[in-house]
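Working notes, beginning with the structure itself.
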Amino acid sequence: MIVRVRSRDGLERVTVPNPNATVAELKTLIESQLKVPAAQQTLSMDKDLLLCKTADEIRRFTDLSNPWSTFPSLGIGHGSLIYLSYDHTIIERTIPPPPLLTPAGSFGRKMTMDDLIAKQVRVTRQETSPCESVSFDRSAADAFQHYVNDSLAFAVKRCGFMYGTVSDAGRVEVDFIYEPPQSGTEAVIYLLRDSTEEAAVEAVAAGLGMRAVGFMFTQAVGQDKEGYTLSETEVRLAAQMQVECGRGLEQWVTAVVKLEVSEDGGADVHFEAFQLSEMCVKLFREGWFLGDEAGPGTDPKVTRLKKEVVVGVKDVKEVDNDFFLVPVKISDHQGLLSTTFPIENRNSEVTMRALKTHLDRTKSLPFVKRISDFHLLLFLARYFDVNADVPALAECVQGQITVPEGFKLIIESLASSA
């Protein structure tokens, strides 16, 4: 146990091994640890002891004068404060200085402005992004926007993973969009991800020489979009997808598809592309986002954080979502893939009949052209070895080379079974 001892030298501590120690034992411990001889010590639990100026005044403090009194009988326990008086003209002591606080403390060392800034997380607008621009394959983008417009009427949210290539100059080309199993409401997308299907997607992409390059989602028409570009929920989802699926790609793109009313009263579908700022991704990865704990009825224009950050000159826990977004230029192109085969995970299940219909409709084309469709290749991946056959078949499409006869016979046989 520790007993605190205060004298005119200040507050010191004495370690007492025995909680049932006597006053005599305490004096011995004070002598060994604080270097005040036991014969020179006067102890008391009364702080007025330290105000005494003469020996006669000191002798009046007798509450700890019995050397055989034990701690329990005196009410002394761990942390108790005992007052010590001794003749400073006889005993000279050197009191060690108190330990300095570590550099992490706010005292004991000089703090420069750089030190202070380093201890703060600052959120500022990121002016440039690693992604120079993003180009969407026209047929892939049309297939996505037609479905959400014509079939879903932009009433619920829909999403997809964008696959393509990234040039050395940072230009992203999106050549197909994979739509995972999902359920959407006006405000939220619930992903029902299928690891087996996603492995097939990656196999097809590898054979095509492509990779995941971004995430696309829609904004519902009933969603209150007044005053913001992306809502807190959308920023959180975009950050989650980049962290989980981006595999460190600096040019990862987030695309938004929405219906906007034009000045003449017509409705136009708009594509917008962004990169999340490096700070946004860092804060999400390190668990700063408050997440779903924010609850309903909160302001969608801001992202809530668990700890304060510095925005401008203020310490805040709410950051305007626009601070996390870096706009990316958009263009379009026509790649080598078509998007005429039924797309996975929509309202209707894709069956073998769809394969037969597709091949019959394209019979005038070279066979490699007939299968140059990501969604068809993904359907065929159910019946081919995903580690060997699927990438090999996709490589034929990438190079627009003759499909091996064995693959062709199997595909035609599957179609004829419908």
Side-chain angles (χ1 to χ4, degrees), residues 99-134 170 172 187-189 213-217 219 223-256 258 272-329:
L100 293 175
L101 292 177
T102 64
S106 57
F107 302 98
R109 71 187 283 254
K110 291 183 178 179
M111 297 287 287
T112 66
M113 184 58 68
D114 288 340
D115 291 332
L116 292 172
I117 292 173
K119 290 180 177 295
Q120 298 172 331
V121 175
R122 305 186 68 85
V123 177
T124 59
R125 292 185 186 274
Q126 184 174 314
E127 299 298 332
T128 60
S129 69
C131 179
E132 195 273 335
S133 65
V134 58
V172 173
V188 181
I189 301 171
V213 294
F215 183 68
M216 171 184 286
F217 61 88
Q219 290 182 329
Q223 182 179 339
D224 178 15
K225 297 184 286 292
E226 186 67 30
Y228 66 86
T229 306
L230 298 187
S231 70
E232 177 188 26
T233 301
E234 291 166 344
V235 169
R236 186 170 60 246
L237 175 63
Q240 178 185 352
M241 293 301 100
Q242 180 165 346
V243 169
E244 291 182 2
C245 307
R247 299 199 295 271
L249 179 66
E250 289 185 344
Q251 294 83 9
W252 181 271
V253 176
T254 296
V256 183
K258 55 187 176 181
E272 294 182 357
F274 306 92
Q275 280 206 281
L276 298 181
S277 70
E278 295 174 5
M279 179 57 71
C280 176
V281 176
K282 178 179 185 294
L283 292 176
F284 180 85
R285 182 180 286 114
E286 295 180 359
W288 285 56
F289 279 38
L290 188 59
D292 294 330
E293 302 163 23
T298 52
D299 187 352
K301 298 190 293 292
V302 297
T303 294
R304 292 157 184 77
L305 304 175
K306 296 177 182 177
K307 295 182 284 187
E308 287 186 340
V309 297
V310 179
V311 177
V313 296
K314 295 182 179 179
D315 294 338
V316 298
K317 284 188 175 182
E318 295 181 353
V319 178
D320 188 314
N321 298 334
D322 285 351
F323 273 83
F324 289 146
L325 304 179
V326 187
V328 175
K329 293 183 296 184

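Values in this document were obtained by computation on a predicted structure and should not be read as measured data. The figures that follow rest on heavy atoms only: side chains count, while hydrogens, waters and symmetry mates do not.
With sequence neighbours excluded, no residue satisfies side-chain hydrogen bond (donor to acceptor under 3.5 Å, both in side chains) with Gln242. Legend: residues meeting side-chain hydrogen bond (donor to acceptor under 3.5 Å, both in side chains) with Gln126, ordered by chain and number and at least two apart, are absent. Listed by chain and number, the residues in a salt bridge (charged side-chain N to carboxylate O under 4.0 Å, His left out) with Lys329 are Glu132 (sequence neighbours excluded). Judged as a side-chain hydrogen bond (donor to acceptor under 3.5 Å, both in side chains), and not counting sequence neighbours, Ser133 has no contacts. Shown here are the side-chain hydrogen bond (donor to acceptor under 3.5 Å, both in side chains) partners of Lys307, two or more places apart in sequence or in another chain: there are none. Applying the salt bridge (charged side-chain N to carboxylate O under 4.0 Å, His left out) rule to Glu127 yields no partners; only residues at least two apart in sequence or on another chain are considered. Applying the salt bridge (charged side-chain N to carboxylate O under 4.0 Å, His left out) test to Glu272 and every residue at least two apart in sequence or in another chain returns Lys258. For Ala255, the side-chain contact (heavy atoms from CB on, under 4.5 Å) criterion is met by Phe136, Met162, Met216, not counting sequence neighbours. With sequence neighbours excluded, the residues satisfying ring-ring contact (aromatic ring centres under 6.0 Å, His included) with Phe284 are Phe289. The salt bridge (charged side-chain N to carboxylate O under 4.0 Å, His left out) check on Glu308 picks up nothing, with sequence neighbours excluded.
Few gaps surround CD on Glu286; more than 12 heavy atoms of other groups in view lie less than 6.0 Å from it.
The distance from the CG atom of Leu325 to the CZ atom of Arg125 is 9.0 Å, given to the nearest 0.5 Å. Note that the CE atom of Met279 and the CZ atom of Phe323 stand 12.5 Å from one another [nearest 0.5 Å].
Looking at Val281 and Val243, their side chains come closer than 4.5 Å, going by heavy atoms from C-beta outward. Looking only at side-chain heavy atoms (C-beta outward), Leu290 and Leu305 stay at 4.5 Å or farther from each other.
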TODO: Could you please spell out the steps behind the side chain to side chain contact (heavy atoms under 4.5 Å, CB included) verdict for Val256 and Phe217?
DONE: CA-CA 5 Å; Val256 183; Phe217 61 88; 3.8 Å; yes

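When all heavy atoms of Thr233 and Ala187 are compared, the pair lying nearest together is CG2-O, 4.3 Å. When all heavy atoms are compared, the tightest approach of Cys131 to Val328 is SG-CG1, 3.7 Å.
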Could you tabulate the donor-acceptor pairs under 3.5 Å formed by side-chain atoms of residues 310-322, not counting sequence neighbours?
from   : atom 1 : to     : atom 2 : distance (Å)
Asp320 : OD1    : Asp322 : N      : 2.9
Asn321 : OD1    : Thr303 : N      : 3.0
Asn321 : OD1    : Thr303 : OG1    : 2.6
Asn321 : ND2    : Leu230 : O      : 2.9
Asn321 : ND2    : Pro300 : O      : 2.8
Asn321 : ND2    : Lys301 : O      : 3.1
Asp322 : OD1    : Thr229 : OG1    : 3.3

